[in-house]
Amino acid sequence: MLHRRLTLFATTSAAFALLLGGCASGAASPSSGGEQPAADVAGTWAGTGDKPASLTLAEDGSLDGTDGCNRTTGHYTLDGSQVSFDLDPTTLKACLGVTLSFTALDHGRVDGDSITLYTYDGTELTTLTRT
């Protein structure tokens with residue numbers, strides 16, 4: 001009986017520690033810092049070409065952008081060099097000469113003055129540079 005109580009206590013303690021650890025390791029918001037402060041990602045990032053994609057990341061965590069055709073808005077969070085995007089519904093116009101779409105944009109990885117954007121399944125969309 002004592003062994004059963006000790007096992008229950010140990011299991012409960014371990015679960016509680018994991019729960020507290022999970023709460024403490026949430027992604028940093030742009031205003032709360034993290035490995036890379038918001039000032040390092042805030043600004044405009046753009047592609048090249050006739051109809052370049054661009055994203056403007058504000059210090060308050062909001063974003064505005066275009067894939068070269070359709071407009072998008074939303075919010076982002078920052079965790080080190082990883083940027084996670086939460087987009088509002090975007091327009092869905094068909095535009096000649098534009099093959100990029102931000103409809104599946106999920107996250108990006110910052111490397112100096114460039115940010116590589118990825119879809120939910122990890123497919124690379126494009127790389128933008130700081131303007």
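Note that these values count all heavy atoms, side chains included, but never hydrogens, waters or copies made by symmetry.
Thr131 places a side-chain N or O within donor-acceptor distance of the main-chain N or O of Thr44, the cut-off being under 3.5 Å. At least one donor-acceptor pair under 3.5 Å links the side chain of Lys51 to the backbone N or O of Leu96. A distance-only check finds a donor-acceptor pair linking the side chain of Tyr76 to the backbone of Ala58 [under 3.5 Å]. One N or O on the side chain of Asn70 and one on the backbone of Lys93 form a donor-acceptor pair closer than 3.5 Å.
Of all non-hydrogen atoms in Gly112 and Arg130, the two that sit nearest each other are O-NH2, 4.2 Å. Gly47 and Pro52 make their closest contact through O-CB, 3.5 Å (heavy atoms, listed as atom of the first residue, atom of the second, distance). Contact between His75 and Leu63 at its shortest, heavy atoms only, is O-CD2, 3.5 Å. Taking both residues in full, the closest heavy atoms of Tyr120 and Leu105 are given as OH-O, 3.8 Å, listed atom of the first, atom of the second, then distance.
Looking at Leu55 and Phe85, their side chains come closer than 4.5 Å, going by heavy atoms from C-beta outward. Taking 4.5 Å as the limit, every side-chain heavy atom of Asp113 sits out of range of all side-chain heavy atoms of Thr129. Taking the side chain as every heavy atom from C-beta outward, Thr103 and Thr90 approach each other to under 4.5 Å.
One hydrophobic cluster, built from ILVMFWY side chains closer than 4.5 Å, cannot hold both Leu57 and Tyr118; they sit in different ones. Under the 4.5 Å side-chain contact rule for hydrophobic residues, Trp45 and Leu100 share a cluster. Under a hydrophobic-cluster definition in which Ile, Leu, Val, Met, Phe, Trp and Tyr are linked whenever side-chain heavy atoms come within less than 4.5 Å, directly or via other members, Leu87 and Ile115 are assigned to the same cluster.
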The test is side-chain contact (heavy atoms from CB on, under 4.5 Å); show your working for Thr66 and Thr72 and say whether it passes.
CA-CA 6 Å; Thr66 178; Thr72 191; over 6 Å; no

Walk me through it: do Leu117 and Leu128 pass the test side-chain contact (heavy atoms from CB on, under 4.5 Å)?
CA-CA 8 Å; Leu117 305 177; Leu128 308 176; 3.7 Å; yes

Please evaluate residues Asp40 and Val110 with respect to the criterion side-chain contact (heavy atoms from CB on, under 4.5 Å), reporting the C-alpha separation (whole Å), side-chain torsions for both, the decisive distance (0.1 Å), and the verdict.
CA-CA 9 Å; Asp40 288 347; Val110 178; over 6 Å; no

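Within 6.0 Å of atom CG in Asp111, 12 or fewer heavy atoms from other residues, nucleotides or ligands are found, so the atom counts as exposed in its surroundings.
How far NE2 of His107 is from OG of Ser84: 7.5 Å, rounded to the nearest 0.5 Å. To the nearest 0.5 angstrom, Ser101 atom OG is 8.0 Å from Leu125 atom CG.
Classification of Arg71 and Asp64 as a salt-bridged pair holds, one side-chain N sitting under 4.0 Å from a carboxylate O.
Judged purely by distance below 3.5 Å, without hydrogens or angles, the side chains of Thr127 and Thr116 pair a donor atom with an acceptor atom.
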